[in-house]
Every structure is written in structure tokens, then in C-alpha cells.
Amino acid sequence: MTTTDPIREAIFAAVRAIPRGRVAAYGEVAARAGLPRRARLVGRLLREAPSGALPWHRVVRSDGRLAFPPDSEPWLTQRERLSREGVVMTGGRIPARFFAWRDEDLDAALWG
DNA sequence: GAAATGACGGAGA
DNA sequence: CTCTCCGCCATTT
């Protein structure tokens, strides 16, 4: 465990903070945990995280695609769990409106 | 210690 | 819009 516990906990907290029915990019999660440019670290921690410990399915790539190979087992699982929360993919992507903290103020200004 | 790898991200072509 | 290429960081080979 080369990754320190405080770091891991900060990231786990950020993931748990993603509201139901919303998603967040790896980079956004890292930034929220106070760790800019650590997107890849988030991915590694999710991979090692105990199953059921956190809502990992709400973490996706910044472009709206899932991080797994399309139609692979984990890919299908994630899509299902998201769909169950109302987050649906269109054209293999998750529309920007489902992102939790992206352009929060700008979104409010434009879309209310 | 160099090179490759990966649940990433952004700029270009 | 799709596809590459490169930067980024921590870990592995």
C-alpha cells in the first residue's frame, strides 16, 4: 500500500459524495478530493476498493464514456446500475446534464 | 534506473 | 465526429 490512507479516504469520500442519478469524471473526483491531476489514481483506487464499499458506477470518463471496453462485463454492469438511477447513455455516452459538478454555476445561469 | 502500463484528460489533425 | 498523440502520475516490469 504505497498510497497513504488519508489520500485514499479523501477520494472515497469524494466518490460517496456523488448524488444518486448523477455522475462525475475521474478528474473531477480527484479535484474534489484536493488532488488535481490524479485522475488515474482514482481509477486505481476504485479497482482496489472492496466491492460494495462505494458507488463506483457513478464515476465515468470526462467525455461521458465508461472506462471499460464497450459491451464488456463490467461495462454492462455499470450501465445497468446507472440506468436504474435514471442515468441513461445515448450513443454510448452519458449526456453532460448528468454530470454532478460540471459547470455548476454556468449551468444554473443558462438552464436554471 | 529506464521503459511500459493503465477504471484519465485535453489538444489537434 | 473519429482517431492520434502527448502530458500526467503511480505502479510494475
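Because the structure is predicted, anything quoted here is derived from the model rather than measured. Residue numbers start from 1 in every chain, and the chains themselves are labelled A, B, ... in the order their sequence lines are given, proteins ahead of strands.
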Restricting to salt bridge (Lys or Arg N to Asp or Glu O under 4.0 Å), what partner residues turn up for A:R47, sequence neighbours left out? none
What is the separation between atom [atom1] on [X] and atom [atom2] on [N], rounded to the nearest whole Å?
X	N	atom1	atom2	answer
A:I11	B:dC8	CD1	P	13 Å
A:R8	B:dA7	CZ	P	19 Å
A:E48	C:dA10	CD	C1'	10 Å
A:W75	B:dA7	CH2	P	17 Å
A:R93	C:dT2	CZ	P	6 Å
A:L76	B:dA7	CG	C1'	15 Å
A:D63	B:dC8	CG	C1'	9 Å
A:F99	B:dG9	CZ	C1'	12 Å

Starting the side chain at C-beta, find the nucleotide from [options] nearest to [X].
X	options	value
A:L41	B:dA7, B:dC8, C:dA10	C:dA10
A:A67	C:dC9, B:dA7, C:dA10	B:dA7
A:R40	B:dA7, C:dT2, B:dG6	B:dG6
A:W56	C:dT2, B:dC8, B:dA7	B:dA7
A:A25	B:dG9, B:dA7, C:dA10	B:dG9

Any donor-acceptor pair under 3.5 Å from A:R93 side chain to A:D63 backbone: yes
Could you tell me whether a side-chain N or O of A:S83 sits under 3.5 Å from a main-chain N or O of A:R79, the two making a donor and an acceptor? no
For the side-chain hydrogen bond (donor to acceptor under 3.5 Å, both in side chains) test, which of A:E80, A:E85, A:Q78 pairs with A:H57? A:E85
N or O in side chain of A:R38 less than 4.0 angstrom from C:dC8 OP1/OP2: no
Are A:R81 and A:R58 side-chain neighbours, meaning at least one heavy-atom pair lies under 4.5 Å? no
Under 3.5 Å donor-acceptor pair, A:R37 side-chain atoms to C:dC8 base atoms: no
C:dT2 versus B:dA7 - spacing of their C1' atoms, nearest Å: 22 Å
